[in-house]
Amino acid sequence: MSSAQKNVVTLDKLVSLCKRRGFVYQSADIYGGLNGVYDFGHLGALLKKNIRALWTDSINQHGSIVMLEGALLGPEPVWEASGHVKNFHDPMIDCLTCKKRFRADDINIEKGCPSCGNKSWTDVRQFNMMFKTQLGASSQSSSQAYLRPETAQSIFINFKNVLTTSRVKIPFGIAQIGKAFRNEITPKQFLFRMREFEQMEVEWFCKGDQTESALQSWKKARMVFYKQLKINQTKLRLRDHGPNELAHYSTACVDVEYEFPFGWKELEGIAHRGNYDLTQHSKHSGKDLSVFDDAKKESYVPHVIECSVGVDRLFLTLLFDAYTEDVVGGEARTVLKFAPAVAPIKAAFLPLTKKQTEQTKAIFDRIKQSTKLDLQLDVSGSIGKRYRRQDEIGTPLCFTYDFDSDDDKKVTVRDRDTTEQKRISIDSIEAYLLEQLGK
Ligand code: ATP
C-alpha cells in the first residue's frame with residue numbers, strides 16, 4: 001500500500017521527468033535549443049491526442065458544433081481588421097546594464113533587474129507579439145503576412161462559408177484545434193508561456209440577447225470538463241476580469257484559473273466578444289457578415305462567446321495535478337495519477353522474466369488488436385523497475401505474466417494508485433481493462 005503521499009511537485013521536477021521519459025524535448029536541443037519552443041515525444045504526442053479528443057467530445061455535448069481547420073498564415077488586412085496590428089502588444093523594457101529584455105508589467109523587475117540586479121532601464125516600449133513574414137519572392141510583388149496569434153480569426157473570416165455550407169442555424173459553434181504563434185518577450189515556465197503553441201477554441205454564435213445565458217452555460221460546461229479530467233477541484237476557480245484587464249475585443253471575460261506552484265494562473269479564457277469581430281471583418285472586407293432573422297424579418301450581426309484553452313497549458317496542468325511522490329513498501333516512487341482517459345498508455349504487459357516474453361507478447365498483440373488502445377509491452381529490466389517506470393508515465397494498469405501463468409491461465413494485474421495486485425484469468429483481461437478504463 002502507498003503511504004505518506006507528498007505534494008512536492010516543482011517545475012524543475014516536471015521538466016526533468018518530461019525529458020527523461022520522452023514527453024517533451026526542448027526544440028533544436030542539439031543546437032542549443034530554441035527558447036519557448038518545444039517538441040513532443042511519443043508519450044507527449046499521445047497525451048496531446050487524448051487532450052484534443054476529450055475536449056472535442058466535451059464541446060460536442062453543448063449543441064450544434066462544426067469543426068474548422070484554418071490556415072496558420074493570414075494576410076495583413078485580417079490582422080488590421082481584428083485589431084491585432086494595433087493592439088496586440090506587450091510593454092517591453094531593457095536593462096541598460098546587462099541589456100536583458102523583460103515585460104514591463106512583470107512584478108519581478110520591481111526590485112531591480114532579475115539578471116544583474118541594477119535598476120537602470122530604457123523607457124517602456126510597446127512590442128507587437130505577432131510573427132511577421134513576407135509571402136512571395138520579390139520585394140515588389142511580395143505581401144506582408146502574419147502567423148496567427150490565435151485560432152479565432154480564421155473562424156470569423158470563414159463564418160459565412162460555414163453558415164452557407166454546414167446546414168447550421170444560430171445558435172451554433174465553430175470549433176478549431178490548431179497552432180498559434182506569439183513572440184512572447186519572455187517565454188517561461190516551460191509549457192506555460194511558449195512562442196509556438198496549440199489552442200482549442202470554440203466560438204459560439206448567438207443573438208445579442210442570448211449572450212448572457214450562453215456565457216453562463218459555457219462557464220458551467222467548461223468546469224464540468226475539468227471535473228471529468230479529474231483535476232483537483234480545490235485548485236480550480238473562475239475569476240472575472242476587471243475592466244482594466246479586458247482585451248481590446250472583449251466586453252466581459254472570465255478565466256478558468258489553476259493553482260500552479262507559481263501561483264493562480266489562467267488555464268482557459270471564456271470571453272464575451274460581442275459582435276466586434278464580425279463587424280470589423282465586415283467593415284474591412286466589404287462583405288456582409290450579417291444573418292437574416294426570419295421571425296423578425298431583419299438582419300443582425302451575431303454575438304460571440306469564446307472558450308479558449310491551450311493544449312500545452314492544459315498538458316502542463318494535467319502533469320502538475322497528477323504528479324505525486326509516495327513510498328511503497330519502504331521505497332520512494334514518483335507516480336503520475338492521470339485519469340485513465342488522459343493517460344498516454346492505458347496498460348502495460350510485462351513478462352516476469354524474459355522467459356515469458358513470447359506468451360506475454362501474444363496477449364499484448366491480441367488485446368491491442370481488439371481494443372485499439374495505446375498499450376505497451378515492457379520486457380527488459382527488473383519487474384520492480386518496470387513498475388516504477390509505468391508509474392512514472394501514469395499507466396493505470398500493469399498485467400504480468402509469471403511462472404504460474406502457463407498452468408493456471410491467469411496473470412497478475414497491478415493497480416497504479418494502490419499498487420494492489422490480484423490474479424485474473426487471461427480470457428478476462430480485455431473486459432477487465434475496458435471496465436477499469438470506464439469504456
Ligand atoms: P496570458 O494572460 O497567460 O498571456 P492570454 O490572456 O494572452 O494569456 P488568451 O489570448 O486568452 O491568453 O489565449 C487563450 C489560451 O491560450 C490561454 O488561456 C492559454 O491556455 C493559451 N495560451 C495563450 N498564450 C499562450 C502561450 N504563450 N503559451 C501557451 N499557451 C498559451
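Ligands are counted one by one from 1 in listed order, and the atoms in each one are counted from 1 as well.
Distances from atom 9 (P) of ligand 1 to the heavy atoms of R182, R103, K265, E201 put R182 nearest. Between the choices K188, E266, R313, the shortest heavy-atom distance to atom 3 (O) of ligand 1 belongs to R313. For atom 22 (N) of ligand 1, the nearest non-hydrogen atom from the set F197, F192, F181 comes from F197.
If you number the atoms of ligand 1 from 1 as listed, the ones under 4.0 Å from a heavy atom of G269 come out as 18 (O).
If you check which protein heavy atom lies closest to atom 14 (C) of ligand 1, you get S308 OG, 3.0 Å. In this structure, atom 16 (O) of ligand 1 lies nearest to the protein heavy atom Q199 NE2, 3.3 Å. Among protein heavy atoms, the minimum distance from atom 28 (N) of ligand 1 is reached at M194 N, 2.9 Å. Looking at atom 4 (O) of ligand 1, its nearest protein heavy atom turns out to be R193 NH1, 2.7 Å.
Inclusion of L191 in the set of residues having an N or O under 3.5 Å from an N or O of ligand 1 is not warranted.
With no hydrogens or angles considered, no side-chain donor-acceptor pair links Y38 and D312 at under 3.5 Å. For the residue pair Q376 / T395, no side-chain donor-acceptor distance below 3.5 Å is found, with atom types taken as modelled. Between the side chains of N161 and N158, at least one donor N or O lies within less than 3.5 Å of an accepting N or O.
Heavy atoms of E150 come nearer than 4.0 angstrom to ligand 1 in no pair at all. Within the structure, ligand 1 has L267 among the residues with a heavy atom less than 4.0 angstrom away.
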>> What verdict does the salt bridge (charged side-chain N to carboxylate O under 4.0 Å, His left out) test give for D209 and K207, after you've listed the backbone C-alpha separation in whole Å, the side-chain angles of each residue and the deciding distance to 0.1 Å?
In response: CA-CA 6 Å; D209 59 6; K207 291 182 182 168; over 6 Å; no
> Given the rule in the ring pair (Phe, Tyr, Trp, His ring centres under 6.0 Å) test, do F205 and F159 qualify, once you have shown the distances and angles that lead to the verdict?
Replying inline: CA-CA 9 Å; F205 296 93; F159 173 69; 4.6 Å; yes
>> For F315 and F40: C-alpha separation, side-chain torsions, deciding distance, then whether ring pair (Phe, Tyr, Trp, His ring centres under 6.0 Å) applies.
In response: CA-CA 11 Å; F315 186 114; F40 291 79; 5.3 Å; yes
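Only one option out of W218, F225, F172 pairs with H62 in a ring-ring contact (aromatic ring centres under 6.0 Å, His included); it is W218.
If you look at E184 next to ligand 1, the close heavy atoms, those under 4.0 Å, all belong to the side chain. If you look at E268 next to ligand 1, the close heavy atoms, those under 4.0 Å, all belong to the backbone.
Aromatic rings of F262 and F192 (six-membered ring for Trp) have centroids within the 6.0 Å cut-off, being under it.
Ion pairing of R125 with D94 is present here, as a side-chain N (NZ or NE/NH1/NH2) and a carboxylate O approach within less than 4.0 Å.
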